[in-house]
There are 2 protein chains.
Amino acid sequence: MDSRVLQAPTPEAVEELLGESKRRNGCLSLYTRCAVAYEGRAQSQLESGDRFVLCKPDGTVLVHGDTKQEPRNWQPPGATVQVTDTDPLVITAVRTNPREAIRITCERVYHAALLPMDDDASLELHGSEADLRDRIFETPSLIEDGFRPETREYETPAGPVDVWGYDADGRPVILELKRRRVGPDAVSQLRRYVESVDADVRGILVAPSITDRAERLLGEFDLESRQVAPPTDVGEQDRSLAAFVAGDEDERT
Amino acid sequence: MDSRVLQAPTPEAVEELLGESKRRNGCLSLYTRCAVAYEGRAQSQLESGDRFVLCKPDGTVLVHGDTKQEPRNWQPPGATVQVTDTDPLVITAVRTNPREAIRITCERVYHAALLPMDDDASLELHGSEADLRDRIFETPSLIEDGFRPETREYETPAGPVDVWGYDADGRPVILELKRRRVGPDAVSQLRRYVESVDADVRGILVAPSITDRAERLLGEFDLESRQVAPPTDVGEQDRSLAAFVAGDEDERT
DNA sequence: TCTTCCAGGTAGTAT
DNA sequence: ATACTACGTGGAAGA
């Protein structure tokens, strides 16, 4: 695998490692005390602190602190990453469209590592809005008896509608699907679609649950709702994890 | 700093290091070939590949591949992270509200490292929607002559309005502010606020720019727009980064 | 490229 | 805890 880890590397060694990571198409990881500045879509400054920095071969740069899921600062994919100074070590990542730059000034580097990565696996995800849509096409009675779904992503002047269909009386129906509990924004969205259609159409918001305010707004605009959730079980899943989630803390299989 | 890096550690050594990271309130980093399973709000599976794993002391777990800004899989803050098996090494992170779990099965661990972090610096960000709001309170004529902004986050039955004020004729005005180019969703949002108010009120969408469809929707609902961007210059900024962004590629100061 | 919308969105704030 | 919105949202799919 020929990865490399350097303890307390010099700025020159980090520069060398960054070049190597580009040639090898690998990631560069830094454990460092650094300050960060950003300018582009907005501007930000982050004073010195201990952080973990990951530079990916696609130009992504992440600066992680010791809390939270989101990086404290970052550069999206597509940036050009360079060591622009070695005393102290400064790493700059610039990208265009939009034009923006991040600058990491390292007062100390505890470790640096080269991480060649081979990862071509694709994520299989179940329980998305698309799965909910498929579920409704499979079992239209989840909406109501006699409902006939017809078109996915039906185009209207106000944007694409999730599901277009007809009720038992042949009256057109628009469904707006959400995979989780919905608020007022989803009602606005459904209303926009319904009003953009030049016909007498019913609008139904399909979601696992709905907030009080959204419910009230629905009524105000003569829209409806159905309580339906995305399918949870999709076959080939690892059952022992499900047991964990179900609350069986002692599960260790 | 007493950080520790282990090359090709045994599962037991990783377990020990995870325990140590909890006691020391530090992060644990793994460079590993692993498979990932998730179950909770949805379900997902990710087959084996080389990845970088970061476990933070607040319970956050990130699994990064070699591309993209977002982790390939993750667990948000608040999870309990444990080694639940050592042959092969399995790391499980469980959290509640919502109840969900991620499981990382490592077929090889290239490195593991303990990263004690001291980071109490706060991010200073300029150019947000709040800054745009402040700018309008400071220079109301950016909207129009005679405009008098009055209330921020003004409460309506449909939700909080960014700015409530009055025009030169004393007619109430609602502003919906966006820090970037807006689409149909922002128009829907403004419309919802305007209609929820039981008065003859003007609605103005304030943003740097607007899409065609959104523009058309605005007209349809008798709403207005003003082209205003958040302030870009906020004083104490590092000017050399701005030069970089401006296109001066040779800037190395 | 631009537009549009989903996301296991995440984060912050007020109730 | 829930509700609501902003985010340097990011990412994908279609035009």
Side-chain angles (χ1 to χ4, degrees), chain A residues 38-44 60 67-78 95-102 123 125-133 153 155-156 158-162 176-186 189 192-193 209-215 230 232 245, chain B residues 38-44 60 67-78 95-102 123 125-133 153 155-156 158-162 176-186 188-189 192-193 209-214 230 232 245:
Chain A
Y38 161 81
E39 175 126 8
R41 286 172 287 176
Q43 306 93 241
S44 73
T60 302
T67 60
K68 297 290 160 64
Q69 177 172 337
E70 296 300 309
R72 296 214 65 179
N73 219 317
W74 73 94
Q75 187 71 297
R95 95 191 250 263
T96 51
N97 196 18
R99 191 154 188 101
E100 53 188 348
I102 188 176
L123 183 75
L125 177 72
H126 302 289
S128 65
E129 182 182 298
D131 294 319
L132 174 56
R133 174 164 47 70
E153 305 295 316
E155 277 298 336
T156 74
V161 164
D162 286 336
E176 174 57 34
L177 311 181
K178 293 294 173 192
R179 67 170 306 287
R180 62 169 186 177
R181 184 171 174 83
V182 291
D185 52 336
Q189 194 181 355
R192 172 156 57 89
Y193 296 146
S209 66
I210 183 169
T211 66
D212 285 351
R213 186 179 272 171
E215 180 90 68
T232 52
V245 172
Chain B
Y38 161 81
E39 176 125 8
R41 286 172 288 176
Q43 306 91 243
S44 73
T60 302
T67 60
K68 297 292 161 64
Q69 177 173 337
E70 296 300 309
R72 297 212 65 178
N73 220 317
W74 73 92
Q75 187 70 298
R95 92 191 253 264
T96 50
N97 198 17
R99 191 154 188 100
E100 52 188 349
I102 188 177
L123 183 73
L125 178 72
H126 302 289
S128 65
E129 183 183 297
D131 293 319
L132 174 56
R133 172 163 48 69
E153 304 295 315
E155 277 299 335
T156 75
V161 164
D162 287 336
E176 175 57 35
L177 311 181
K178 293 294 172 191
R179 67 169 306 285
R180 64 170 186 178
R181 184 171 173 83
V182 291
D185 52 337
S188 292
Q189 195 182 352
R192 172 156 55 88
Y193 296 148
S209 67
I210 183 169
T211 66
D212 285 350
R213 185 178 270 170
T232 52
V245 172

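Quick caveat: nothing in here was measured; it's all calculated off a predicted structure. Naming convention: chains lettered A, B, ... in sequence-line order (proteins, then strands); numbering from 1 in each chain.
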Provide a list of protein-nucleic acid N or O atom pairs under 3.5 angstrom, restricted to nucleotides 11-14 of chain D.
{"unit_1": "D:dG11", "atom_1": "OP1", "unit_2": "B:Gln69", "atom_2": "N", "d": "3.0"}
{"unit_1": "D:dG11", "atom_1": "OP1", "unit_2": "B:Glu70", "atom_2": "N", "d": "3.1"}
{"unit_1": "D:dA12", "atom_1": "OP2", "unit_2": "B:Lys68", "atom_2": "NZ", "d": "3.3"}

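Residues satisfying the side-chain hydrogen bond (donor to acceptor under 3.5 Å, both in side chains) test with A:Thr211, not counting sequence neighbours, are none. Residues passing the side-chain contact (heavy atoms from CB on, under 4.5 Å) test with A:Ser209, sequence neighbours excluded: A:Arg181. A search for side-chain contact (heavy atoms from CB on, under 4.5 Å) contacts involving B:Thr60 returns A:Gln69, B:Lys56, B:Asp58, B:Leu62, B:Pro77, not counting sequence neighbours. Every residue meeting the side-chain hydrogen bond (donor to acceptor under 3.5 Å, both in side chains) condition with A:Arg95, not counting sequence neighbours, appears here in chain and number order: A:Glu100. For the side-chain hydrogen bond (donor to acceptor under 3.5 Å, both in side chains) test, residues two or more places apart in sequence or in another chain that qualify with B:Ser128 are B:Asp131. In this structure, the side-chain hydrogen bond (donor to acceptor under 3.5 Å, both in side chains) partners of B:Gln189, at least two apart in sequence or on a different chain, are B:Lys178, B:Tyr193. Residues passing the side-chain contact (heavy atoms from CB on, under 4.5 Å) test with A:Arg179, sequence neighbours excluded: A:Pro230, B:Arg41, B:Ala42.
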Heavy-atom contacts, protein to nucleotides 1-7 of chain D, under 4.0 Å, summarised as B (base), S (sugar-phosphate only) or - (none) per nt, yield SSSSSSS

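Taking atom CZ of B:Arg72 as the reference point, atom P of C:dA7 lies 18 Å away to the nearest angstrom. Residue A:Asp131 contributes atom CG, which lies 15 Å from atom P of C:dC6 at whole-angstrom precision.
Across all non-hydrogen atoms, the minimal contact from B:Gly159 to A:Arg213 is CA-NH1, 3.1 Å.
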